[in-house]
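A short write-up of the structure that comes next.
Protein chains get the first letters and strands the later ones, always in sequence-line order, with residue 1 at the start of each.
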Amino acid sequence: MTSATPTAALGEVGEFVPRLGLRRLCGFLFAGVCLLFSLIAVAALIALMVYIIRSGSSVLSMQFLTNPASQLEPETSGLRTSLLGTLWLISLTAFCAVPIGVGAAVYLEEYATRNRFTEFVQINLANLAGVPSIVYGILGLAVFVRWLGYGRGILAGALTLTLLVLPVIVIASREALAAVPKTLREAAYAVGATRWQTVRHHVLPAALPGIMTGIILSLSRAIGETAPLLVIGAAAYVSTVPGGDLPQTWSGITPWIKGVLFSEFSALPVQVYDWSKAPDLIFQQLAAGAILVLLAVLLSLNAVAAGIRAWHQSRRIS
Amino acid sequence: MTAVRLRGIKERAIHVFLAACALLSIVTTLGIIVTLVTESVPFFTTPVDDGHRVSILEYLFGVKWTPQFIPQSFGVLPLISATFLIGIGSLLISVPVGLCTAIFLSEYAPGWVRQFAKPILEVLAGIPSVVYGYFALYFITPNLLRSLNDGFGIFNAASAAIVVGIMTVPTISSLCDDAFRAVPRTLREAAYALSATKLEVSTRVVLPAAMSGVFAAVLLALARAVGETMAVTLAAGKMPQLTLDVRESMQTMTAYIADIASGDVPAGSVIYQTIFVVGLTLFLITLGINLVARLILRRFREVYE
């Protein structure tokens, strides 16, 4: 805000002429320009959707979902391997990232006293959230693939994605925990609950909708992540689904799980990337079809998150 | 008595577990720094194929990047210039569109438009970057750019900048929207009482008051654009060249890493080391931009009580 005194301002412009009509007209035009620019974003979204539906709808079929990817016969190529790869990848990521992320948020919000250290952790989390995803890929390549020797498998990919989504989950969960009223905790302490009992039975349930929304949104981001998986070494043309066929005997379970965790894998966005790079029209259509499947998954996850949020808000008001 | 003791032990164990979870974020940061640095050091200390050592100066200021060809040359400037050309080009789209969207949403739009617009922006932010890459390669380049000018290549920097700009609109609009809404109502009402129009209130009261937030939003969008990988890899291709001609293919730092790492590179080779050197450069640049953004937010925020 400038602090020019009225006399100085008058001295500059001479006598004040309102010209309200002109100024209102300018204001009206400005509003129009703002609206127009806002619509550019909407137009881009519509153009993207329409273009992808138009080029991808021709390949969509049940076979497209169940056939394995094939470079030699693109006509019968499908998403079986990459869909299963993504499913395993995201389940494992959620399995690792959710307890750790929520745990870290609970620690920072409920346990830790505010001091230099927690402040440092907070700044560090914000910075980690800004680290490009491909850098996490490099970290995963060096630590999980090479150093720990997990190879270019689903385990290495899931651990890399875990590190990638952790900051987002922690930040979102902290916000949800901070929104829980203090009185709830004090009431629990007053009847003799320990700190963990208070958190477990009162604070966490109250913050659950917010935490769930954060988790779903961060996992949907992980589903679309391509760059770190490329660096880790996800391949587009993997002939078998993770682990191969389901084990028929009890003794077959251990090698099967090993196969799932350590054998090479594909994932939906990696498949999209690989088909997009290929020059033929058929691959272009396959890529668009795969994008449609990917977007359907992501949009339904977004809808679930929005639903939870709306339900939570309606409950809070009543 | 034992029940109480047991409960105490359980409480203690949970406390330790939760603290370990929080500590993991610091371990991650350390892990990133340690791996990037330890794998980068050999790149500068061991001689490359033609026998000479690449010095840091040669790396930072060299104008040719040809690690896979003979003669090898390791000047990172072409990658950096492409990264910033596309990054700053994307701001030409994301700043006006994002800023206008934020002004419109916070100052003009009625509640129901906001309710409608927020999910659209969220969807725009949630679309994976590989999808934007596809859109740039098969829609924007052939249908928009090449119909304007024949000089556009199949891979070009302009299409990459356009889609990265679209991708980062939600970053700018939501951060600016937050900044505008943090400006107290009383400030606007005081201006309206002096018979200022909505335009004057938006541009001369709200915008200056929220300026630190706007700058931070622009920087964070730039950091995202610099770290963006898949859209630029698909749209801009993989020709590392030092040029300002946006109709040509160029390779950003992220695109180089993605290109090299997705092939099979033997560990310990010079090419393998370049992944980490370029990764370290990228990490330091984005970290720098993020820190400056946070500094601006903290130093120049106007606090109204």
Residue-level contacts of residues 117-124 of chain B with chain A, using a heavy-atom cutoff under 4.5 Å: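 Checking residues 117-124 of chain B against chain A gives B/Ile120, B/Glu122, B/Val123, B/Leu124.
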If you round to the nearest 0.5 Å, how far is OH of A/Tyr51 from OH of B/Tyr138?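 Answer rounded to 0.5 Å: 8.0 Å.
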Nearest-0.5 Å distance that lies between atom CZ in A/Phe30 and atom CD1 in B/Ile103: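 One gets 4.0 Å once the value is rounded to the nearest 0.5 Å.
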Per the side chain to side chain contact (heavy atoms under 4.5 Å, CB included) rule, which among B/Tyr134, B/Phe139, B/Tyr132 passes with A/Leu48?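 That would be B/Tyr132; it is the only one of B/Tyr134, B/Phe139, B/Tyr132 passing the side chain to side chain contact (heavy atoms under 4.5 Å, CB included) with A/Leu48.
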Give, as side chain, backbone, both or neither, the part of [X] having an atom under 4.5 angstrom from any heavy atom of chain B.
X: A/Leu217; value: neither
X: A/Leu36; value: neither
X: A/Glu225; value: neither
X: A/Ile138; value: both

Is the ring pair B/His15/A/Tyr111 parallel, tilted or perpendicular, if the boundaries are 30 and 60 degrees?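 It falls in the perpendicular class, over 60°.
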Of all heavy-atom pairs between A/Phe37 and B/Cys100, which one has the smallest distance, and what is that distance?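 Nearest heavy atoms, A/Phe37 then B/Cys100: CB-CB, 3.5 Å.
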Closest-packed option against chain B by number of heavy-atom pairs under 4.5 Å, given A/Gly137, A/Gly103, A/Ala44: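 Winner by heavy-atom pair count: A/Gly103.
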Hey, which of A/Val231, A/Leu230, A/Ile134 has the most heavy atom pairs under 4.5 Å with chain B?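 Option with the top pair count is A/Ile134.
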